[in-house]
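Worksheet: the structure to be examined is printed underneath.
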Amino acid sequence: MERLQKIIANSGFCSRRKAEELIKQGEVFVNGRQVNDLGEKASYSDQITVSGHNLKLENKEYILLYKPRGVISTTSDEKGRKTVMDLVDTTNRLYPVGRLDYDTSGLLILTNDGELTNLLIHPRNGVEKVYVAKVEGAVSSFLIKKMCAGVMIDGKKTARAKAKIKKIDKKKNFSLVELTIHEGKNHQVKKMFEAVGYKVIKLKREKFGTLDLSGLKSGEYRHLTIKEVKTLYALTKKMV
Ligand code: URA
C-alpha cells in the first residue's frame, strides 16, 4: 500500500504535486470510489481513475537521478559502498540503465522497465549521451578531432563522436571538453581520451537522449513523466 499521489506520480501520469491537486479537486477514484483525502493509500492492483483516465498500473517506475561522485551504480556492493539505490525512496526493484563509474557524476535513469532498458542500452539504437570531461593539461584541437574520428579501445574502433572544447586553463593546467557519443562501452569516455594521451580528472554525464539534469542538484532525483517515457521509446524505435 502506498499513498495515492505517489502511485499516480509513479505511473507517470503527472507529478506528485499535481496528483495532490487532482485528489483535492475530486478527480481521483479508487475502484470507482471518489477519494478526497491526501492521506489515502492504495495498491498497484487497484483500479485508479484520474480525470476519467484509467491508469495502467503495471507498477513501472522511471527515475532520473543526478548521481553524485562516490556512489556505485549497481544495486548492491560487496564492499559496502553507497549505491544509487540508497539515494532513492522506492519499494520497487529498480536497475540503472547502463552504468556510470564510481567517480563519475551525472544523469542516470533507474527503472524496472526491462524493455526500455534494453532498447536504451542496445548499441544498435545509439542513444546520444553528452559528457563533460575535465582533462589534465591543455588539449589540442587536432588530437580532439582525431579522438572524434574514432580510436581503438579494447581492440575496437569507436564510432564517430562530437566534441566541443569549452575551456582551456593553461595556468591551472586543465581543459573542459564536451563529448557526445552514441555508444556505451565500459569506461568509454576515459578510454577515448586516454587513447589520444589525455587523462580525465573529472567526468559528468549531462544528457541522455532527450533528458538532461535541469532542476536537479547532485544527489537529487525526480520521476519521468509519461511523455518523457514515451519520447524515450520513440527515440529508440526511430533509430532502429
Ligand atoms: N565513460 C566513462 O569513462 N565513465 C563513465 O562513467 C561513463 C562513460
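When a ligand or atom number is given, it counts from 1 through the structure's own listing order. It should be emphasised that the depicted structure is a prediction, and the values quoted were computed from it without experimental measurement.
- Residue Y131 has at least one heavy-atom neighbour below 4.0 Å for each of these atoms of ligand 1: 7 (C), 8 (C).
- Contact annotation: the side chain of L232 never approaches that of L119 to less than 4.5 Å [non-hydrogen atoms, C-beta and beyond].
- Of the polar atoms of H187, at least one N or O is found under 3.5 Å from an N or O of ligand 1, judged by distance alone.
- A salt bridge links R81 with D77: at least one charged nitrogen is closer than 4.0 Å to a carboxylate oxygen.
- Summary of contacts: the protein heavy atom closest to atom 5 (C) of ligand 1 is D101 OD2, 3.5 Å.
- Heavy-atom contacts of Q188 reach the following atoms of ligand 1: 1 (N), 2 (C), 3 (O) (cutoff under 4.0 Å).
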How far apart are the C-alpha atoms of H223 and E61, what are their side-chain angles, what is the distance that settles it, and do they pass the side chain to side chain contact (heavy atoms under 4.5 Å, CB included) test? CA-CA 8 Å; H223 283 90; E61 192 174 3; 2.7 Å; yes

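- Proximity of L203 to ligand 1, defined as any heavy-atom pair under 4.0 Å, is confined to the side chain (atoms from C-beta onward).
- No more than 12 heavy atoms of other residues, nucleotides or ligands lie within 6.0 Å of CZ in R99, so this atom counts as exposed by the packing criterion.
- Rounded to the nearest 0.5 angstrom, R124 CZ and T236 OG1 are separated by 8.5 Å.
- The distance from ligand 1 to the heavy atoms of T104 drops below 4.0 Å at these ligand atoms: 4 (N), 5 (C), 6 (O).
- When hydrogens are left out, the protein atom nearest atom 1 (N) of ligand 1 is V189 N, 3.1 Å; that is the closest non-hydrogen contact.
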Let's go through V71 and L87 carefully: what are the C-alpha distance in whole Å and the side-chain angles of both, what is the deciding distance for side chain to side chain contact (heavy atoms under 4.5 Å, CB included) to 0.1 Å, and is it a yes or a no? CA-CA 9 Å; V71 177; L87 299 174; 4.1 Å; yes

